[in-house]
Amino acid sequence: MIFRQFRVEKLGQASYLLGCVRAKEGIVVDPIADLGADFYLMEAADRGLAIVHVLETHIHADYASCARGLAEASGADHHLFHSAPVKYSFAPLRDREILDIGKVRVQVLATPGHTPEHVSYLVTDRARSEEPWFVLTGDSLFVGDVGRLDLLLGDQAVDVIDETERARLQYQSIRNVLFSLPDHVEVYPAHYGGSACGGVNMSGKVSSTIYFEKKYNLAMQQPDEAAFARFVRENVRPFPENYARLKSYNLGLTGLTEQEPAHA
């Protein structure tokens with residue numbers, strides 16, 4: 001199995017390439033426009049992979065996604081959770097659905113909270129074991145922190161619910177879904193220290209494990225959902241600049257000019 005993490009250090013953003021050497025197929029998760037579709041195409045080609053799936057964990061609010069452009073350039077399917085409120089066509093995913101490329105298995109885990117359509121991706125290298133290896137947690141579970149709860153774009157998102165309910169969903173998604181995974185499973189989020197999508201306790205470390213986050217993640221040490229909601233609200237970072245414009249672009253509601261930055 002091939003697995004690569006690509007980072008935009010100044011923004012604390014991470015995207016991923018995974019693939020099966022035997023099948024010569026690859027998957028890109030949460031591609032970032034700052035890097036560009038050509039970057040992912042070349043990284044995959046250098047490893048002998050054709051990109052067949054482009055996945056997103058959710059509709060991002062702090063950077064422009066290049067998932068649509070990458071899917072078009074590669075001929076891959078562009079996947080979002082079926083409830084994603086976008087204005088363009090995509091290949092819908094359902095909770096617990098499985099995507100296989102050769103010996104690599106990716107399972108969809110619905111983890112709403114940061115956004116209603118948020119999912120994580122559990123990855124297994126079946127050439128080595130039927131046990132899962134790692135989970136791509138997007139903006140749900142970070143290293144040392146969790147995703148913020150206030151980046152929806154008003155009534156342009158479906159199933160908009162108040163922040164208390166989103167906090168409940170976030171808490172339950174992490175406690176009941178992610179923390180139910182085996183302790184050895186590695187955690188790779190979409191952001192790390194410096195990103196505006198989490199709180200002040202987000203670590204600069206770019207990966208962790210389920211075991212370590214269960215024991216030491218400060219947000220998830222809160223005794224109940226109400227305390228969790230207060231903790232997240234009180235420790236959130238400043239609002240990302242231009243988030244409404246970037247979210248609108250990623251929803252397919254507006255475009256971006258070449259002069260506009262592709263990140264918050």
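Given the structure is predicted, the values throughout are model-derived calculations rather than measurements. FYI, side chains are in, hydrogens and waters are out, and symmetry mates aren't considered; it's all heavy atoms of this structure.
Classification of the H60-H191 ring pair by plane angle, with boundaries at 30° and 60°, yields perpendicular.
With values rounded to the nearest 0.5 angstrom, F6 atom CZ is found 6.5 Å from S15 atom OG.
Residues F39 and E43 are in side-chain contact: their nearest non-hydrogen atoms beyond the backbone lie under 4.5 Å apart. A heavy-atom distance below 4.5 Å is found between the side chains of Q107 and R96. Side-chain contact between D62 and L11 is absent, with no heavy atoms from C-beta onward closer than 4.5 Å.
Using a 3.5 Å distance cut-off with no hydrogens or angles, the side chains of Y121 and E56 do not pair a donor with an acceptor. A side-chain donor from one of E213 and S208 sits under 3.5 Å from a side-chain acceptor of the other. R168 and Q172 are linked by a side-chain donor-acceptor pair at a separation below 3.5 angstrom, with hydrogens and angles left out of the test. A donor-acceptor contact closer than 3.5 angstrom is absent between the side chains of S120 and S140.
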Exercise. Would you sort out whether Q5 and R7 count as a side-chain hydrogen bond (donor to acceptor under 3.5 Å, both in side chains), showing the intermediate values?
Key: CA-CA 7 Å; Q5 182 187 61; R7 302 192 296 271; 2.8 Å; yes
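Each of L178, L109, V177 was scored for a side-chain contact (heavy atoms from CB on, under 4.5 Å) with L122, with one residue passing: L109.
The pair R94-E97 does not meet the salt-bridge criterion, since no charged nitrogen lies less than 4.0 angstrom from a carboxylate oxygen. Contact check on D183 versus K214 returns a salt bridge, with a Lys/Arg side-chain nitrogen under 4.0 Å from an Asp/Glu carboxylate oxygen. The residues E72 and R68 are annotated as not salt-bridged, no charged nitrogen and carboxylate oxygen being separated by less than 4.0 angstrom.
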